[in-house]
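Reviewing the structure listed below.
Letters go in sequence order (proteins before strands), and every chain restarts at 1.
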Number of protein chains: 2
Amino acid sequence: MASPTPTAPAQKITTESLRGSLGFLLRVAQLRSFGHFFAVMGDEEVRPGEVTVLDLIRENPGIRQGMVSKTLKIKRAQMSKMIREMEREGLVARSVPEDDRRAIELRLTKEGEAMIAAITARFPEIERRTQAALTPAEGAELRRLLIKLNGLDKTKGEDSDDPDDER
Amino acid sequence: MASPTPTAPAQKITTESLRGSLGFLLRVAQLRSFGHFFAVMGDEEVRPGEVTVLDLIRENPGIRQGMVSKTLKIKRAQMSKMIREMEREGLVARSVPEDDRRAIELRLTKEGEAMIAAITARFPEIERRTQAALTPAEGAELRRLLIKLNGLDKTKGEDSDDPDDER
DNA sequence: TTTATTTTGTCTACTAGGAAACAAATAACA
DNA sequence: TGTTATTTGTTTCCTAGTAGACAAAATAAA
């Protein structure tokens, strides 16, 4: 043996196995998209999760906290903290419906509306950067595949093969 | 006004805006894939990150800690903890090369080899579950698109439009 | 050589998120 | 009706991951 120790040259490494892992590819892609989010939103003091929450409430005024949690795959405990903070900041209003006094309905305040409007205005730029390496057709196809992968294309509710489901 | 408060019926909500967000779609997909990972690996005491680290070291014996960190997009601080723990568990061996005494080269121990072998044996099942909703052709296309999106198809090193880059 | 700059890994907070126990309200059931 | 089970949100504790300062070694510059 010419080389006594099997040491990689530190420049060229192989990632064969990694490329085969959908989980790894998804994780990296997600980290990149978050990076683009912060690059574009840098000055605004918001996080990706908060934005999706605000946007979902905007689209569904009066939606229940638990439904937001389920839709966005955010744990209820975390949602509880997040909403409390947003209420403190004056972005969302919470109200208890009279027909079910356990639940909490969420609506945006004026400030919340303004905030999410300002933010969504920058969405296209984030999307553009995120899929910059792809052709428009590839970007569209990627979306379609992810929607299908996530079971978001079904009109029916229960997919139930979802391992992240809280049972 | 017939309906005094614009309250959503709590069953049917719309997620129009969310579906348009690649970041959200990626996040949900990634959560699902992690869910499948734990469902299949349930009995083994390993996390997705640890598995990718072990697998990368197996493929590149003697790889430096920093290179693992960069390749897997794991922060160096976190990598430091992770490797220390793995060394304690007897899975990896660390050695300081004589030509650069700052660096640390990583190799798998016998136990590490056995561990990652047992784990990778279950990879196909995880992959199968993760892309169960897609046809084989769609799964392959999704991989291809993610690899391209992540810039992993380029042989050259620097992409540099990567916002997650530690500068 | 001496001095600055960069690289590499570690350490010390700090934050986001998760698990599990909990309380209150509702629903299901005898 | 009373009793049990489920749903809904909250609280507390814990872990994974991040940011930033740090030390040591290597490199570049004087």
Side-chain angles (χ1 to χ4, degrees), chain A residues 10-11 23 27-28 30-31 34-35 37-38 42 45-53 57 62-88 92-106 157 163-167, chain B residues 10-11 27-28 30-32 34-35 37-38 42 45-53 57 62-88 92-106 157 163-167:
Chain A
Q11 288 90 344
R27 174 168 166 277
V28 172
Q30 202 231 345
L31 284 177
F34 270 33
F37 176 92
F38 287 114
E45 274 198 347
V46 283
R47 302 171 191 297
E50 294 171 350
V51 170
T52 55
V53 169
I57 298 174
I63 190 174
R64 288 191 187 176
Q65 198 166 306
M67 183 59 80
V68 176
S69 175
K70 199 181 299 180
T71 305
L72 301 182
K73 311 283 186 189
I74 297 173
K75 293 287 173 297
R76 287 177 311 174
Q78 177 65 10
M79 184 62 64
S80 191
K81 297 179 205 169
M82 204 185 288
I83 295 291
R84 178 154 47 99
E85 174 66 8
M86 287 181 178
E87 186 182 34
R88 197 186 62 75
V92 303
R94 314 199 296 175
S95 59
V96 175
E98 60 277 8
D99 61 314
D100 186 347
R101 305 214 321 274
R102 294 170 301 183
I104 290 184
E105 293 181 346
L106 302 173
D164 294 322
D165 217 348
E166 294 186 87
R167 309 180 197 280
Chain B
Q11 289 89 345
R27 174 169 165 277
V28 172
Q30 203 232 342
L31 284 178
R32 288 182 128 258
F34 271 32
F37 176 92
F38 287 114
E45 273 199 349
V46 283
R47 302 172 192 297
E50 296 172 349
V51 170
T52 55
V53 169
I57 299 174
I63 190 174
R64 288 191 187 175
Q65 198 166 306
M67 182 60 78
V68 175
S69 174
K70 199 181 298 181
T71 304
L72 302 182
K73 310 285 185 188
I74 296 173
K75 294 287 173 295
R76 286 178 310 172
Q78 176 64 10
M79 184 62 63
S80 191
K81 294 182 209 169
M82 206 186 285
I83 294 292
R84 180 154 46 100
E85 173 67 7
M86 286 182 178
E87 186 182 33
R88 199 186 60 74
V92 304
R94 314 199 297 176
S95 58
V96 176
E98 60 276 10
D99 62 314
D100 187 347
R101 305 216 319 275
R102 294 170 303 182
I104 290 184
E105 293 181 346
L106 303 173
D164 295 321
D165 217 349
E166 291 187 272
R167 313 184 194 276

> Is there side-chain contact between A/R64 and A/D100, with at least one heavy-atom pair below 4.5 Å?
Replying inline: yes

>> Could you tell me how far apart B/E85 (CD) and D/dG17 (P) are, to the nearest whole angstrom?
In response: 13 Å

>> Using only atom types and a distance under 3.5 Å, with no angle test, would you say the side chain of B/E50 pairs donor to acceptor with the backbone of B/R47?
In response: yes

>> In this structure, how many angstroms lie between the P atom of C/dA19 and the CE atom of A/M79, rounded?
In response: 15 Å

> Got a donor-acceptor pair under 3.5 Å from the side chain of B/K81 to the base of D/dT18?
Replying inline: yes

> Rounded to whole angstrom units, what separation is found between the NZ atom of B/K75 and the C1' atom of C/dT8?
Replying inline: 16 Å

>> Just the rounded figure in Å: distance from P of D/dG17 to NZ of B/K73.
In response: 16 Å

> Is a side-chain N or O of A/R94 found less than 3.5 angstrom from the main chain of A/Q65, in a donor-acceptor match?
Replying inline: no

>> Between A/R27 and B/F34 (side chain of the first, backbone of the second, donor and acceptor by atom type, cut-off under 3.5 Å), is there such a pair?
In response: no

Look for any protein N or O under 3.5 Å of an N or O in nucleotides 5-7 of chain C and output each such pair with its distance, or none.
{"residue": "C/dT7", "atom": "O2", "partner": "B/R102", "partner atom": "NH1", "Å": "2.7"}

> Just to confirm, is there a sub-4.0 Å distance from OP1 or OP2 of C/dT10 to any side-chain nitrogen or oxygen of B/R84?
Replying inline: no

> Can we say B/E87 and B/R84 salt-bridge, meaning some charged N sits less than 4.0 Å from an Asp/Glu carboxylate O?
Replying inline: no

> Taking the nucleotide of DNA chain D with the closest heavy atom to each, which residue, B/E98 or A/G66, is nearer the 5' end?
Replying inline: A/G66

>> As a test of reading the structure: which of D/dA25, D/dG9, C/dA25 is closest to the side chain of B/R101, going by heavy atoms?
In response: D/dA25

>> Heavy atoms only, 4.0 Å cut-off, all strands: where does A/A77 land among base, sugar-phosphate and nothing?
In response: base

> Closest nucleotide of DNA chain C for A/G49 versus for A/P97: which of these residues is on the 5' side?
Replying inline: A/G49

> Which nucleotide in the list C/dG18, C/dT10, D/dG9 gets nearest to the side chain of B/R94?
Replying inline: C/dT10

> Whole-Å distance between C/dA16 C1' and A/L72 CG?
Replying inline: 16 Å

> Is there a side-chain contact between A/I74 and A/V53, using heavy atoms and a 4.5 Å cut-off?
Replying inline: yes

>> What is the distance, to the nearest angstrom, from the CD1 atom on B/I74 to the C1' atom on D/dG17?
In response: 10 Å

> What is the nucleic acid contact for A/Q78, judged by heavy atoms within less than 4.0 Å: base, sugar-phosphate only, or nothing?
Replying inline: base

> Rounded to whole angstrom units, what separation is found between the CE atom of A/M67 and the P atom of D/dT8?
Replying inline: 8 Å

> How many angstroms lie between CE in B/M67 and CG in B/L72, if you round to the nearest 0.5 Å?
Replying inline: 11.0 Å

>> Rounding to an integer number of Å, can you tell me how far B/L31 CG sits from C/dG17 P?
In response: 10 Å

